[in-house]
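Keep in mind that what you see is a predicted model, and the values were worked out from it rather than measured.
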Amino acid sequence: MSPAENDDPTRSFSKDLERGPSVLGHGHNGSNTSLPGGIGSAASSSDSSILGDPDQPELGEEWGPQHPCYPHLNPHVPLDSPEYTNTRIIRIRRDWLIEGDLAPTFSNLYPEILDPAGVSEQEFRRVIEKLNGDLIPIFNPYNWRNVLDSVLGLLTGWIWDDIGLTYAKIKLRGLEAWIDKWNAEMEKATGSEEGTVAPRIVSLRRTGYMNLDFQIPDPEIAPTSEPTGSRAGLGAPAEPNPAVLTGPPIET
């Protein structure tokens, strides 16, 4: 293998194992022909925040696990449960450009696949504003309450932290209660019709505050598209493989 191939930056691997090797080269023209029909663009407005680490290249609209509308398998339920088959996860990435690593904040990039699931763009942005607005002061180490809790923890041998009286723990419990209330309201709004699955937000403690997971009904979208399908058309019939003889020819 030549040194030029080893130094190719387009084949470098990302730290995100789910993304795998980078598939967006310099020749990517931003075409969305590989996207399933009905999803539309990844962003609904031009003022949305950039996803992920600011040092990463722009993801564009390439269909795959890195796409905002990609329906992930639900890792938060047992494998043999009906929810694992009937639900999918829409993952909202961290937005590192708001507070960096000082506090976990999430991008306001609206995945349009949430609209048929029952989460409008207005409601989505209200959720993001609520979560980011609460998480920033909670995790801010220069907040006077956090500084006071650090001093009290030091003076009490960290007993103050163990009994759960710190500002951060109290506020995080309140935020989890707000998420539970939001899930209950969405379930009530969806109704109790048979076969309907209400959208819900997965607990931030379960995701480690690294992403915001929306659980929605399975949109029944193919995980990936065949490379030939985008060129020849999704409705084009596949060319059959040539027949291969495995034995000696038949004599006539």
Side-chain angles (χ1 to χ4, degrees), residues 14-19 48-56 68 72-79 81 83-84 87 89-111 114 119 122-189 198-216:
S14 169
K15 294 181 180 179
D16 188 352
L17 298 180
E18 190 175 31
R19 288 183 56 196
S48 299
S49 302
I50 298 176
L51 295 176
D53 194 334
D55 295 333
Q56 293 180 354
H72 300 264
L73 294 175
N74 194 342
H76 308 296
V77 296
L79 297 179
S81 64
E83 289 80 7
Y84 186 80
T87 62
I89 292 296
I90 301 302
R91 186 156 293 155
I92 309 302
R93 292 173 173 265
R94 285 269 298 268
D95 191 339
W96 301 92
L97 299 184
I98 298 179
E99 291 292 328
D101 59 355
L102 192 66
T105 53
F106 304 103
S107 173
N108 64 348
L109 185 68
Y110 177 66
L114 291 179
V119 182
Q122 181 180 3
E123 180 64 19
F124 172 81
R125 298 195 183 281
R126 186 181 74 88
V127 170
I128 295 298
E129 183 179 358
K130 165 66 176 178
L131 296 180
N132 289 349
D134 287 358
L135 289 172
I136 290 176
I138 290 175
F139 284 91
N140 185 3
Y142 305 109
N143 188 333
W144 71 270
R145 277 299 308 271
N146 290 334
V147 174
L148 177 62
D149 290 335
S150 299
V151 175
L152 292 176
L154 180 62
L155 295 178
T156 60
W158 315 118
I159 297 178
W160 182 257
D161 300 68
D162 294 338
I163 59 181
L165 296 179
T166 61
Y167 171 80
K169 291 185 177 181
I170 294 175
K171 289 297 184 180
L172 288 178
R173 286 196 297 267
L175 194 59
E176 292 292 335
W178 182 88
I179 293 177
D180 293 338
K181 181 180 178 182
W182 188 89
N183 292 336
E185 292 176 352
M186 296 301 296
E187 186 175 356
K188 182 179 180 181
R200 65 186 306 271
I201 299 175
V202 179
S203 170
L204 293 177
R205 297 185 63 183
R206 185 171 183 86
T207 61
Y209 301 89
M210 292 304 296
N211 45 66
L212 175 63
D213 286 356
F214 281 87
Q215 178 180 297
I216 65 171

Atom pair [atom1]/[atom2] of [X] and [Y] - distance to nearest 0.5 Å:
X: Arg200; Y: Ile179; atom1: CZ; atom2: CD1; value: 9.5 Å
X: Ser203; Y: Asp180; atom1: OG; atom2: CG; value: 7.5 Å
X: Arg206; Y: His76; atom1: CZ; atom2: NE2; value: 6.0 Å
X: Lys171; Y: Arg145; atom1: NZ; atom2: CZ; value: 8.5 Å
X: Phe106; Y: Thr207; atom1: CZ; atom2: OG1; value: 6.0 Å
X: Met186; Y: Ile201; atom1: CE; atom2: CD1; value: 8.5 Å

side-chain hydrogen bond (donor to acceptor under 3.5 Å, both in side chains) partners of Asn140, counting only residues at least two apart: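 Asn140 satisfies side-chain hydrogen bond (donor to acceptor under 3.5 Å, both in side chains) with no residue once adjacent residues are dropped.
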Listed pairs under 3.5 Å, donor-acceptor, residues 160-169 side chains, sequence neighbours left out:
residue, atom, partner, partner atom, Å
Trp160, NE1, Asp149, OD1, 3.1
Thr166, OG1, Lys169, N, 3.4
Lys169, NZ, Asp161, O, 2.6

Over all atoms of both residues, closest heavy-atom pair of Leu109 and Pro68: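 Here Leu109 and Pro68 meet closest at CD2-CG, 3.6 Å.
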Heavy-atom closest pair, residues Ile89 and Pro75: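 Minimum heavy-atom separation between Ile89 and Pro75: CG1-CD, 3.9 Å.
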Is the closest side-chain heavy-atom distance between [X] and [Y] below 4.5 Å?
X: Ile92; Y: Asn108; result: no
X: Asn211; Y: Arg93; result: no
X: Leu114; Y: Pro199; result: no
X: Phe139; Y: Leu102; result: no
X: Leu131; Y: Leu175; result: yes
X: Tyr110; Y: Ile128; result: no

Would the distance check show the side chain of [X] and the main-chain N or O of [Y] forming a donor-acceptor pair, the cut-off being under 3.5 Å?
X: Asn143; Y: Pro137; answer: yes
X: Arg94; Y: Asp101; answer: no
X: Asn146; Y: Ile138; answer: yes

CZ/Arg173: more than 12 non-hydrogen atoms of other groups inside 6.0 Å: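 Above 12, so yes.
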Atom CD of Glu176 with >12 non-hydrogen neighbours under 6.0 angstrom: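 For Glu176, atom CD is crowded (more than 12 foreign heavy atoms under 6.0 Å).
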Distance-only donor-acceptor check, side chains Thr87 and Asn74, under 3.5 Å: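 Looking only at side-chain atoms, Asn74 and Thr87 do form a donor-acceptor pair, the distance falling under 3.5 Å.
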Sequence-distant partners of Arg126, salt bridge (charged side-chain N to carboxylate O under 4.0 Å, His left out), two or more places apart: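 So Arg126 forms a salt bridge (charged side-chain N to carboxylate O under 4.0 Å, His left out) with Glu123.
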Whether Phe214 and Phe124 hold their rings parallel, tilted or perpendicular, with breakpoints at 30° and 60°: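 Tilted, since the angle between the ring planes falls between 30° and 60°.
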